[in-house]
Structures are given as structure tokens and as C-alpha cells.
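All heavy atoms count here, side chains included; hydrogens, waters and symmetry mates do not. Owing to the predicted nature of the structure, the values given are computational and were not obtained by experimental measurement.
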Amino acid sequence: MKLSRTLAFLFLLLAVYWSYKSLLPSYKGDLDASPTTFSTDRALIHVKNLSKEPHAVGFPGHANVRSYIISELKKLGLEATLQEGYTAGDWANLSKATNILARIKGSGNGKALLLLSHYDSSPHSSLGASDAGSGVATILEGIRVFLAKNKTPKNDIIILISDAEELGLNGADLFVNNHPWAKEVGLVLNFEARGSGGPSYMLIETNQGNGTLIKEFTAANPEYPVANSLAYSIYKMLPNDTDLTVFREDGDIEGFNFAFIDDHYDYHTVLDSYERLDKNTLAHQGSYLMPLLGHFSDVALSNLKTSEDYIYFNLPYFRLVSYPFGWIWPMFFIALIAFVVLFILGLKRQKLSAKGIFQGFLPLLFSLIINGLIGYFGWTVIKWWYPGFQDMLHGFTYNGHLYIMSFAMLSLAICFWFYHKFRKISLPDLLIGPAFIWLLICALVSVYLQGASFFIVPLFGLLVALMVSINQEEPNPYLLAFLALPAIFIYAPFIKMFPVGLGLKMMVAATVFTTLLFLLVLPFFGQSKSRNRLAYLSLFLFFVFSVASHVKSEFNEKRPKPSSLLYVYDADNDSAVWATYDNQLIGWNNQFLNDKAEISKSEGFKTLASKYGSGFTYTAKAPKKDIAIPWIDTVKDTVVGNNRTIELCVTPKRNVNRLDIYANPVQFNTAVVNKVALSENFLKRRGKKLLTHYISNNDYTELELSFPKDSVLELTFYESSNDLLSNPNFTVPKRPETSIPMPFVLNDAIMVTKTLRFE
């Protein structure tokens with residue numbers, strides 16, 4: 001029996017490994033693959049050419065990337081067309097987007113299939129290899145393969161390589177609301193990235209039910225589907241959108257997102273490079289595109305809407321498992337009835353006792369509470385111990401995977417230790433608590449988070465194990481290990497997914513999911529006589545991974561620290577400061593902020609907020625430089641009835657990349673910038689920000705504002721250029737190899753501020 005338990009334990013470890021390994025294809029060199037086969041190596045050539053330099057809107061590399069994509073489409077025999085125009089999106093981020101379009105004519109006259117990715121990178125330093133050069137490369141290689149098969153599709157296939165996604169989904173907005181092809185689109189396949197590796201998750205965008213989309217996705221039969229309805233439920237709650245969101249909200253067009261999120265520390269940085277893109281991940285994107293392109297190019301796309309929703313999740317071998325929302329409560333009540341029957345049966349056969357059940361709840365509650373607290377405060381402690389991590393704004397460090405492993409091992413050690421302390425409790429008594437807790441969880445998600453209702457599936461395995469333990473003195477360890485497989489395959493990836501995707505602040509998800517998974521595997525561990533040794537083994541592994549994470553905590557050339565520096569000239573006060581968003585300075589920017597008497601926490605100082613709410617942390621006086629102030633011309637100032645209308649034209653006198661305009665709390669009737677009206681919804685919820693113009697070709701900004709005549713309007717202009725390190729007026733040295741420009745904030749910039757008041 002001891003040998004059987006050991007072998008069964010090794011089987012469980014193999015299942016945990018396979019729960020991760022089965023998510024991704026394994027990359028193999030395939031440059032010489034058949035022309036009718038998707039080649040990861042051929043796609044990588046595109047990625048390399050697309051990521052040679054930063055190519056945000058308005059930067060020199062932007063036009064170079066656009067020209068490359070157009071030339072590649074022409075090589076495929078497709079006619080590329082451009083769509084250009086100003087849009088401001090839902091966040092008042094104005095830019096002139098230039099979309100790239102091509103079309104493959106189908107034999108039918110139904111709705112078209114649209115392949116979507118974006119070609120702009122995030123300002124100002126990102127190379128955009130993964131986000132979203134990988135998506136563009138996947139589409140270019142996929143279309144090449146499709147055309148090589150010389151098959152005429154039933155549906156037209158539209159290729160849209162959108163622009164200005166990083167600035168506010170502007171290219172998608174321009175297409176959906178202004179291009180005639182948009183009305184012909186029936187389905188969108190969008191390829192995205194929020195990191196540089198890991199599995200690509202499928203997320204559905206729909207205004208109605210997802211039932212038909214799930215059925216058709218399953219019929220297309222991609223080999224490595226990674227998807228679950230919980231992930232999309234969480235995705236809908238987060239303030240993260242993709243181009244596909246515009247199609248759903250403005251065009252009522254369904255679609256699929258395919259996005260990978262691992263190695264999150266590369267996201268929007270200069271590290272988003274060709275060399276760091278995981279080749280397995282790119283192969284995964286191709287494994288989605290080819291079967292879906294073949295399937296949806298021939299399926300009637302006008303029949304995808306439905307009111308029916310499906311629960312779905314992926315399992316090894318079974319691929320995507322799905323069932324209707326209508327099954328949620330029947331499945332729950334089956335589990336509830338099974339639990340009650342087993343409870344009564346256990347009491348009747350004297351396999352359960354009130355005292356044993358009560359005591360069985362104690363290690364469960366102790367483990368959940370302690371592990372929950374450890375996970376909840378874990379990121380706070382890590383940042384306190386390593387203050388430089390505060391400057392990794394997305395919250396996932398280079399050694400983040402080691403932290404996840406160490407916290408998971410600590411959680412297991414605590415679980416094993418508590419259950420060892422209560423080892424005299426019988427296995428049936430021990431299992432009542434986990435079964436009850438999981439029933440409670442399933443009831444709650446069935447009401448409040450229905451996308452997570454597949455949590456009931458592993459619970460059935462636990463209930464069967466409870467039945468076996470009631471009827472057998474020494475259950476077969478292989479059977480108990482087998483009954484734990486659904487729990488391992490479903491939940492083990494979650495331990496990594498949440499802190500990777502949402503940052504280490506969500507370490508609590510890793511520790512809690514580790515604990516909950518342990519409870520589902522408890523039928524196997526509950527009969528083990530080695531829980532104490534397993535606790536020490538887990539604790540030892542915790543120390544191993546903790547030491548490894550500490551060794552890799554220092555910043556160096558391979559793990560550079562994000563840093564920032566700006567020169568800010570206040571034209572109103574004729575004064576200048578150096579400024580930074582860094583919480584922990586490095587030698588490179590500290591040389592400009594090294595007078596301790598002048599360094600101050602910059603509360604109230606004119607600053608631009610970032611995606612993560614960061615403001616300037618330190619400022620220090622700087623010498624005044626000859627920086628040209630923008631020309632702000634009042635073109636019109638009239639009062640008609642109860643409303644006042646002001647029209648301004650802001651013209652740069654130097655090469656700039658960005659203009660931000662903030663306003664005091666005035667309720668605007670209308671606001672129009674470069675003939676684009678800002679949405680009423682934005683004007684109602686705008687806070688201080690009025691607009692951001694990401695400038696191309698040093699263009700002007702024309703602003704027309706209408707507001708109540710009795711209001712006093714105050715506008716603050718922030719004009720910025722990302723040329724601090726190259727501007728001849730400054731002698732800022734090159735950033736050291738151990739540091740990179742901090743993403744998500746204005747950086748390496750010269751900023752001029754000016755305030756105007758209209759009384």
C-alpha cells in the first residue's frame with residue numbers, strides 16, 4: 001500500500017505538471033515547413049522586422065512599420081488601402097490614426113470575417129514585438145497559408161491592422177464608426193498581448209449570449225484551447241479594453257480575443273523585443289488562427305447571435321468543455337442532494353460523528369485564514385523588503401514566478417501541518433468540511449459570478465471520494481488520485497494565472513486557490529501517514545524558492561529597473577524643475593535630484609496622472625533652458641444666450657509628441673477638438689482632464705468649448721516631447737544598461753506648462 005501511495009503521489013505531481021504543459025504547443029524549427037502549413041519561424045521574421053524600433057503614433061518608426069505591413073500584403077497579392085482620420089475614443093485621447101486594410105473576396109454574399117491586430121506600439125520606448133507585432137505576424141503568416149491552399153472562401157475575409165490602439169482604441173473607433181466595410185463584418189478574430197509569453201487565452205466579446213460562439217469555436221476544434229468563462233467574467237470587470245471592445249460596443253459585432261499575459265514585466269517596455277517573445281506562445285497564436293480561419297470563412301456569420309449563455313473551461317484531451325447556463329442550478333442541487341445523502345449515510349453507518357466533523361473544520365479554517373492573510377499582505381511585504389519593486393508599476397517582478405512558487409509552497413506547508421496536527425480525525429469526518437465549503441462557494445458563484453459555475457465539476461470528484469471513504473476503510477490511492485484530476489487540471493493553472501495577469505498584489509488568489517485545491521485533493525492526502533513529512537518538504541521548497549527569488553531580486557542588465565526623468569518648465573512662474581515618478585532613485589536620475597534640501601514629495605505640483613495613478617514622487621530645481629512655449633491663440637470668444645463659446649488653436653513651436661489639457665470643474669455643454677466631438681459621457685465623468693492629443697507631424701490642436709456664461713474657465717496646457725536624452729539643450733547621459741524607461745508614465749520628456757483663465 002505504501003508503494004501504491006507513493007506512485008499515486010507521483011501521478012498527482014505529473015498531473016500538476018501536465019495541467020501547465022498541455023496548455024501550449026511546443027515550438028519546433030519550421031522555416032522549411034510546407035507552404036500550406038503555418039510556420040512559427042516565418043511569423044518570427046515578421047516580428048523581427050516589426051520590432052526594430054519604437055513605433056508609437058507620431059514617432060519615426062511608426063511610418064516604417066506601416067510601410068512594411070503594406071509591402072507584405074502586396075507580396076501576398078492583396079491590395080492594401082489606408083483609412084486615416086482623427087478620433088478621440090471614449091477617453092478623450094485624440095490622435096490621427098492610419099488603419100491598414102485588405103480584403104479577400106469570398107464566393108458568397110454573407111457577412112465577412114475580420115482578422116484584427118494593431119501595429120502601433122505603446123509610447124514611447126516599447127518595441128512592440130509581442131504587443132502587438134506578434135498579432136500582426138500571426139495574421140500575415142496565416143493569410144499566406146490560407147492563400148497558398150488556393151481555396152475560395154464563402155465569406156469575404158477582411159484584414160484590419162489597426163492604428164492607435166495603445167492611445168485609446170482610436171483605429172478601431174475610426175473603422176467601426178466611419179468605414180463602410182464595418183457594416184459587413186459578422187465576426188472578429190483579434191490577436192493581442194499583455195506580456196511576452198505564456199498561453200494565449202481566448203476571451204469572447206458579445207453583447208448577448210455566448211452559446212453559438214462557443215459551439216462554433218468547439219466545431220473549429222483548435223488543438224490547444226485555453227479558455228474559461230470565469231476569466232471572461234473577470235475580464236469584463238477590469239478597466240482593460242481591446243480594439244474588439246469597440247466592435248462590440250459601437251457595432252454590436254461579436255468576436256474572439258486571443259491574448260497572452262505571462263512575462264508581464266515586459267509589457268509596454270523596451271524589453272518587448274523579438275528576442276524575448278516566447279516562440280511557444282507565437283505557435284499557440286497560430287494554432288488558434290488556422291482552424292478558426294478555415295472554419296469561420298465558410299460558416300454563416302449572420303446567425304451567431306443568441307440569448308443563451310454557456311459555461312466553458314478547458315481540460316487536457318477534452319479540449320473545450322461547455323454546457324448551458326441552464327445546467328448551473330440542476331448541477332448544484334445534484335451536488336447538494338448527494339452531499340446530504342452521504343452525510344446521512346455516514347451518520348447512519350457511524351462513519352461520521354458530530355465531534356469529528358467539528359474538529360475537521362478547524363484545520364480547514366485555520367489554513368484558509370492564515371494562507372489568505374499571507375497572500376493578502378504578501379505584496380506589501382515584498383515591496384517593503386525590496387523598495388525598488390514599487391517602480392514596476394504593473395506589479396509583476398522579474399522573479400515573480402519564483403514568488404508564486406514560494407507562496408504556493410508555504411500555503412501547502414501550512415495545510416499539511418494543520419492536517420497533520422488533526423491526524424486522529426477520520427477521513428470521512430475530515431472531508432465534510434471541504435465538501436461543505438465548496439458547496440458554499442458553488443452556491444455563491446452561481447448567484448454572483450455565474451461564469452465560475454464550472455467550479456461544481458471538481459466538487460463531484462470530492463463527493464465521490466467522500467462516498468468511497470464512507471464505504472471503504474482503506475480506499476484505493478489510485479482511485480482517489482484519479483478523482484482529484486479535474487480539480488488539478490482546472491485549478492492548478494489559476495494559481496499562476498491570477499498573480500501573473502493582475503500583478504503580485506493578487507498573490508492572495510494564489511494562496512487561496514492553493515488551499516482550495518488542497519481541500520479537493522484531501523481525500524488522497526487525508527489517508528497519508530506522511531503529512532508531517534510533506535509539510536516539512538513543502539516548507540523546505542518554500543525556503544528554496546524564497547532564496548532563489550532573493551538572489552534574482554537585484555536589478556541588472558538582464559533585469560533592468562524602470563526609471564524616469566522629466567524636465568518641467570512652468571511658463572507661468574518662469575521656473576523649471578527636474579521631476580521623476582520613481583520611488584527609489586538610481587544614480588542616473590539621482591544626479592539631477594541629489595540636493596536633499598530641495599527634494600520634496602511633490603504633492604500638488606503640476607503633474608500628469610498615469611494608468612496606475614502615479615504622480616511625480618520627487619522634484620528638484622532645475623536651470624532654466626530656452627524651451628519654446630506653444631502659441632495659444634484665442635480664435636473666438638462669444639456669448640450667445642446663456643452659453644459662452646471659446647475657440648482656441650494651440651500650435652507647437654518645437655517638435656512635440658503630446659499635448660494634455662486639463663480644466664477646472666466646469667460643466668461643458670460641448671467640447672470639440674480638431675472637429676471631433678468629445679462624448680457627453682466623458683464630459684460628465686472627466687474629472688480634471690479635458691483631453692490628450694497624441695500629435696503626429698507636429699500638428700496643431702484646435703479646441704472649441706461651450707459652457708455656461710457665468711462659469712470661470714481655467715485651462716492648463718502640458719506640452720511634452722520625448723527628447724530629453726537627445727535634445728541639444730540638455731546633457732542628460734544615456735540611461736545605464738541596468739535600467740529601462742518606466743512604462744505607463746510620461747518619460748524622458750521635456751514638458752512645458754501654461755495656464756489660461758477665462759473670466
Q | Flag for T716-T755: side-chain donor and acceptor within less than 3.5 Å | A | yes
Q | Within 6.0 Å of CG in N697, more than 12 heavy atoms from elsewhere | A | no
Q | pair I646-F758: side-chain heavy atoms closer than 4.5 Å | A | yes
Q.
Please check: side-chain N/O of N155 versus main-chain N/O of A112, any donor-acceptor pairing under 3.5 Å?
A. no
Q) Looking at side-chain heavy atoms only, is the closest gap between V650 and F717 below 4.5 Å? A) yes
Q) Are any non-hydrogen side-chain atoms of I157 and I143 less than 4.5 angstrom apart? A) yes
Q. Distance-only, no hydrogens or angles: does the N727 side chain make a donor-acceptor pair with backbone N or O of N729 under 3.5 Å?
A. yes
Q.
If the threshold is 4.0 Å, N to carboxylate O, is there a salt bridge linking D391 and K561?
A. yes
Q) Between OG1 of T617 and CG of L585, what distance do you get to the nearest 0.5 Å? A) 6.5 Å
Q. When rounded to the nearest 0.5 angstrom, what distance separates OG1 in T692 from CD1 in I661?
A. 8.5 Å
**Q.** Pairing of R644 and D637 as salt bridge, 4.0 angstrom limit
**A.** yes
Under 3.5 Å, which donor-acceptor pairs link side chains of residues 59-71 to any protein atom two or more places apart or in another chain?
unit_1	atom_1	unit_2	atom_2	d
H62	ND1	R66	NH1	3.4
H62	NE2	D163	OD1	2.8
H62	NE2	D163	OD2	3.2
N64	ND2	E53	OE2	2.8
R66	NH1	Y119	OH	3.3
S67	OG	A63	O	3.0
Y68	OH	H46	ND1	2.8
Y68	OH	N49	ND2	3.2
S71	OG	S67	O	3.4
S71	OG	Y68	O	2.7

Quiz: residues 167-180 side-chain donor-acceptor pairs under 3.5 angstrom, not counting sequence neighbours:
unit_1	atom_1	unit_2	atom_2	d
N170	ND2	T87	O	3.1
N170	ND2	N93	O	2.8
N170	ND2	S95	OG	2.8
D173	OD1	N177	ND2	2.5
N177	ND2	D173	O	3.1
N177	ND2	D250	OD2	3.1
N178	ND2	L174	O	3.3
H179	ND1	W181	N	3.1

Q) Taking only residues two or more places apart in sequence, or in another chain, which ones meet H118 in a ring pair (Phe, Tyr, Trp, His ring centres under 6.0 Å)? A) none
Q) Are any non-hydrogen side-chain atoms of E192 and S117 less than 4.5 angstrom apart? A) no
(Q) If I compare all heavy atoms of L94 with all of V673, which pair ends up nearest, and what's the gap? (A) CD2-CG2, 3.5 Å
Q) With sequence neighbours excluded, what pairs up with D626 under the side-chain contact (heavy atoms from CB on, under 4.5 Å) test? A) none
Q: Sort out for me which residue in Y569, F592, F616, Y618 forms a ring pair (Phe, Tyr, Trp, His ring centres under 6.0 Å) with W578.
A: F592
Q. Is D266 reaching over with its side chain to a backbone N or O of S273, donor-acceptor style, under 3.5 angstrom?
A. no
(Q) Using every non-hydrogen atom in the two residues, find where G128 and S51 come nearest and quote the distance to one decimal. (A) C-CB, 4.4 Å
Identify every side-chain donor-acceptor pair in residues 629-636 under 3.5 Å, counting partners at least two apart or on other chains, and give the distances.
none

Q. Should we count NZ of K505 as having more than 12 external heavy atoms under 6.0 Å?
A. no
(Q) Determine whether D131 and R194 satisfy the following criterion, salt bridge (charged side-chain N to carboxylate O under 4.0 Å, His left out), listing intermediate values before the conclusion. (A) CA-CA 7 Å; D131 182 20; R194 200 164 176 261; over 6 Å; no
(Q) Are D748 and H124 packed together at the side-chain level, in the sense that at least one heavy-atom pair is separated by less than 4.5 angstrom? (A) yes
**Q.** Side chain proximity check, L78 to R103, heavy atoms < 4.5 angstrom
**A.** no
Q. Taking 4.0 angstrom as the limit, do E719 and K754 come out as a salt bridge?
A. no
Q | Partners meeting salt bridge (charged side-chain N to carboxylate O under 4.0 Å, His left out) with R757 (sequence neighbours left out) | A | E714, E759
Q | CD1 on I253 to CG on L114, rounded to 0.5 Å | A | 8.0 Å
Q | Heavy-atom pair of closest approach, residues A80 and L73 | A | CB-CD1, 4.1 Å
**Q.** Set of ring pair (Phe, Tyr, Trp, His ring centres under 6.0 Å) partners for H264, sequence neighbours left out
**A.** Y267, H394
**Q.** Parallel, tilted or perpendicular, as decided by the 30° and 60° cut-offs, for the rings of F730 and Y567
**A.** perpendicular
Q: Could I get the full list of ring pair (Phe, Tyr, Trp, His ring centres under 6.0 Å) partners for F707, not counting sequence neighbours?
A: none
Q) Taking the six-membered ring for Trp, are the ring centroids of W91 and F682 within less than 6.0 Å of each other? A) no
Q | Partner residues of K675 under the salt bridge (charged side-chain N to carboxylate O under 4.0 Å, His left out) criterion, sequence neighbours left out | A | none
Q.
Could you check whether atom NZ of K183 has more than 12 heavy atoms from other residues, nucleotides or ligands sitting under 6.0 Å from it?
A. no
**Q.** Y694 side, atom OH; E166 side, atom CD - distance, nearest 0.5 Å
**A.** 10.0 Å
Q) Any idea which heavy atoms bring S564 and N747 closest together, and the distance? A) CA-OD1, 3.1 Å
(Q) Rounded to the nearest 0.5 Å, what separates atom CD1 in I158 from atom NZ in K111? (A) 10.0 Å
Q) Is there side-chain contact between L703 and L691, with heavy atoms separated by less than 4.5 Å? A) yes
**Q.** Any side-chain heavy-atom pair of E254 and L213 under 4.5 Å
**A.** yes
Q. So, does T245 use its side chain to make a donor-acceptor pair with the main chain of D241 at under 3.5 Å?
A. no
Q: Return yes if some donor-acceptor pair links the side-chain N/O of N190 with the main-chain N/O of F256 below 3.5 Å, else return no.
A: no
Q.
Please enumerate all residues that pass salt bridge (charged side-chain N to carboxylate O under 4.0 Å, His left out) together with D660, with sequence neighbours excluded.
A. R658
**Q.** CG-OG1 distance between D252 and T206, expressed to the nearest 0.5 angstrom
**A.** 7.5 Å
Q: Name all residues meeting the salt bridge (charged side-chain N to carboxylate O under 4.0 Å, His left out) criterion together with R686; count only those two or more places apart in sequence or in a different chain, and write none if there are none.
A: none
Q: Could you tell me which residues satisfy ring pair (Phe, Tyr, Trp, His ring centres under 6.0 Å) with F191, sequence neighbours excluded, listed by chain and number?
A: F258
Q.
Looking at E680, I'd like to know if its CD atom is crowded, meaning that more than 12 non-hydrogen atoms belonging to other residues, nucleotides or ligands lie closer than 6.0 Å.
A. no
Q: Spell out, as yes or no, whether a donor-acceptor pair under 3.5 Å connects the side chain of S563 to the backbone of P741.
A: no
Q.
Is it the case that over 12 heavy atoms from other parts of the model lie below 6.0 angstrom from the NZ atom of K305?
A. yes
Q) Any sub-3.5 Å donor-acceptor pair from Q591's side-chain atoms to W588's backbone N or O? A) yes
Q. Is a donor on one side and an acceptor on the other found under 3.5 Å between the side chain of S711 and the backbone of L713?
A. no
